[in-house]
Each structure stands twice: as C-alpha cells, then as structure tokens.
Amino acid sequence: MLQQGRLLLLTITKSLIKNKTMQEKHNDDVIGRARVKDTPELEAYYKELETLGAGALWTVANDIEPWEPRTSSVPMLWKYDDLRELVLKSSELVTPEQAGRRVVYLVNDKRKDVSAAVGWLYTGIQVTRPGESTSAHRHKASALRFIMEGKGGYTVVDGNKITFEVNDFVITPNGTWHEHGVAADGKTCIWQDGLDIPLVNALEANDYAVYDGKQPLGVPINYSPLTYGSPGLLPADKVWDKPYSPLFKYSWKNVYPALLEMAKVNEGSPFDGILMHYSNPMTGGHVMQTMGASMQLLRPSEHTKAHKHTGSFVYQCAKGHGYSIIGGKRFDWKERDIFCVPSWVNHEHVNLSNTEDACLFSFNDLPVMNALGLYQEKEYEENNGYQKVE
Ligand SMILES: [Fe+2]
Ligand SMILES: [Fe+2]
C-alpha cells in the first residue's frame, strides 16, 4: 500500500516536472526572449524611432519569432452536397469566355485576404459543360486538377491534349500554356483546381498571359501519359530537361490498384495508412517545383494516429467515407468532400466503413517546405496518440 502510494507520488512529481519544463520552454519570461517592460522614456524612444521608419526589435520579436510554427488558417471542410448545385449554377450565369475560368473557389475563414483555402494554397471547383472550352493562358503559379465527375473532359498542356476521367490527377506546371474543355458528346465535368497563387503572390512573382486563340496540338492526343505513364519504364529515346514531371496525367485506373498492391505487403504509415506520392518519373521527386500531391488508402475501420507537421494540405475524398480530427475538431467527409489541414495542426484520419476502404487525395506545398529546409513533424504523444474531440 505504502509502496503504491510512493509510486503514485513519484508519477505525479515526474509529470509536474515534465509540465513545468514544457511550460518553461514556451515562457517568454526567460533569458533569450524579449522581456522589456514599458517605461515613459522607452515609449518616447519607440515613437521617435517610428517617425524614422524604424522600431525596436524587442517590441515585436516574441510575436514574429514564435516558439513553434504558427498557422493563421483554420481547419475547414467544404461539403460537396452543399456546393454542387451552386457550382452547376455558375454555368448558367456566366460563360467560360466571360469568366476566364468559371470556378467557385473555396476560401479559408482566416485567409480571405489572400484567397487561400489554407496557408498559401488556393483551391476551387470548376465546371465545364459538353462542347465548352476555355481560352488558353499561362501563369507563374502552378496548377493541378483532380477530376470529380463527368465524361469527355480534356486539358491541353503546351500543345499536348490529355483526356481525363473521374479521380484522375492532372498537372499544369508553371509557365505552361493550358486550356480545358469537354467533348460535345461528353457529360458536364466538374473538377477541383489546386494552385499556389497565394504563395507566388506572397513572393511577388506571379504573372499571367493569355494565348491568342487555341493552342495547336504538337503531339498526338495523350502523348504524355502514353509515353511516360508505365510504372518503372522510361522511353529510351527521349530527353526531358524541364523541372517538372513529363507525366501530365496520373490515372485512377493505375493509382488505385497501386495502393491495393502496396497494402498487400505493407502496414503503411501509422499516421496515414497506405500513402503514395504522385511523382516525377524522371526523378522520383515531387510532380512540380512548388506543389506535391498524394493519394492514400485507409483500410476498413482504420484509425490513424495523430501527428502534426509543417506544410499546408488540401484533401478531397476520392472514395468511401469517414472523418478526420483536425486540431481537436471532428470533420466528417464522404466522396467529393474537400477539407484542409493547416500547418502544424494535429490531425488523424478514420475510415468509418468496416468493409470498404477509403481513399483521400491531397495536395500540398511540401516541395517548398523541403527545398527551403522548413519541414518538421511531431507525433502526438498524449492519450495514446489520439486527440480528444472538443
Ligand atoms: Fe490556369
Ligand atoms: Fe500528416
């Protein structure tokens, strides 16, 4: 009994010490952090500096140098059932010619000033009716698409016409001329666009140009996926020197079986289940310089452990239904719902079916995080790795 009491006391003391250390770690009242108290003399000094376009660093240092990565975005979920009718309605209200791009964009409650869905990423839902096509244009922002519904849709990237189907993933890298359309005998197509417009604008590097007329097709239809789309095989007689993937389309008919094959012999990640990155077949790296994308499979009833990392993520449920806990809040999703995970916010995913798998498409700014040496991640350690829902 006495021994048990001692053990309990020891555990409590240990946890108090641990908590104290953690609190101290994030306490601005320590040497090394700015902790200057205001005085009338200092306030007058600050005012004088301000008149010269200057300031004392210690008045802002703790704010501009947070202890840990800090996001200004909030986790959000956009339900397709709520949005679909309004997206379709846009096709009655404006033509693609008038709108340039007929898109309903999804904006984070805390990122309206930069039109971002999360962090520095933009996303929108675009609708194109049979027989319609957009004008061609290009921009320094990179773009990607994930196809949500319809038939007969196509995109033309630098003179390369590519047809696509539901759950296909398509890229239009920065600087490439591109236009989209749906064949006259097709069905209204809806797809999700993902761009790094907010990032490229933040870097003050975006531009936009409109092509005069339609692009001439320089190669046979589906040249890119037919040339570069076979796993583990590259054409012997081609030279590719661009900084992005020569494969412009990743077909669901190849991607989903790849996930199933991997699941046969792998446990996968405790945080993501079976997660595979769309990759540049020439390098094995990300598909584009600023945005990456992945598809993940959650097995029946799978509940991943929580973690957080830098980088912003936009998800679309490609198959099945379930929920994600993001920053302690539960977001239920099913096929076509879109949600976001902001940087350094804990998240875990759950497949609610005990018989069917669920698949989540996602795109991110990881190429930027990696290239700049800013990526870090942390496992959620409390409560056996699962967040408590608020
Ligand atoms: Fe574009
Ligand atoms: Fe994650």
Side-chain angles (χ1 to χ4, degrees), residues 69 71 75 96-97 99-103 105 115 118-119 121-126 128 133-145 154-158 162 170-181 191-198 200-201 206-211 215 244 248 268-277 288 290-298 302-315 324-327 331 339-350 360-366 369-370 375-380 385-387:
T71 184
E97 288 77 31
R101 286 157 299 175
R102 195 170 51 207
V103 178
Y105 76 106
S115 305
V118 61
L121 296 174
Y122 158 100
T123 200
I125 304 176
Q126 182 158 182
T128 309
S133 64
T134 63
S135 56
H137 65 266
R138 71 178 179 190
H139 33 70
K140 273 290 177 288
S142 296
L144 54 83
R145 271 150 261 293
Y154 66 87
T155 187
V156 184
V157 184
D158 270 349
I162 289 154
V170 176
I171 59 168
T172 51
N174 80 0
T176 56
W177 291 109
H178 55 280
E179 62 197 79
H180 324 291
W191 60 77
Q192 180 184 8
D193 290 324
L195 290 100
D196 54 7
I197 292 171
V200 182
N201 284 342
N206 208 3
D207 66 8
Y208 194 96
V210 174
Y211 195 86
Q215 295 178 71
Y244 48 80
F248 296 159
S269 151
F271 309 107
D272 283 302
I274 300 294
L275 174 78
M276 295 183 97
H277 300 308
M288 294 185 286
T290 51
M291 285 191 297
S294 312
M295 180 65 78
Q296 73 192 88
L297 179 139
L298 302 168
E302 182 159 6
H303 184 158
T304 67
K305 290 205 159 187
H307 72 164
K308 61 183 176 183
H309 42 73
T310 45
S312 300
F313 291 73
V314 179
Y315 287 81
S324 298
I325 304 171
I326 310 165
F331 295 88
F339 62 96
C340 70
V341 174
S343 184
W344 209 246
V345 172
N346 282 306
H347 54 280
E348 62 198 82
H349 309 295
V350 183
L360 295 174
F361 163 80
S362 59
F363 71 92
N364 57 63
D365 55 7
L366 285 181
M369 292 294 147
N370 293 334
Y375 184 77
Q376 53 176 317
E377 63 179 83
K378 196 174 180 194
E379 187 178 341
Y380 185 78
Y386 300 101
Q387 300 165 83

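Remember, it's 1-based here, ligands and their atoms both numbered in the order they're listed.
Closest approach between the Fe ion (ligand 2) and any N/O/S atom of His307 involves NE2.
Rounding to 10 degrees, one finds that the Fe ion (ligand 1) sits at the corner of an angle of 90° between His178 NE2 and His137 NE2. In this structure, NE2 of His347 and NE2 of His309 enclose an angle of 100° at the Fe ion (ligand 2), rounded to 10°.
A 4.5 Å side-chain heavy-atom check between Asp272 and His307 finds at least one atom pair inside the cut-off.
Side-chain contact annotation: Arg138 with Thr172, donor-acceptor N/O pair under 3.5 Å absent. Side chain to side chain, Ser362 and Gln296 fail the donor-acceptor criterion of an N or O pair below 3.5 Å.
Counted within 6.0 Å of OH on Tyr105, heavy atoms from surrounding residues, nucleotides or ligands total 12 or fewer; the atom is thus considered open.
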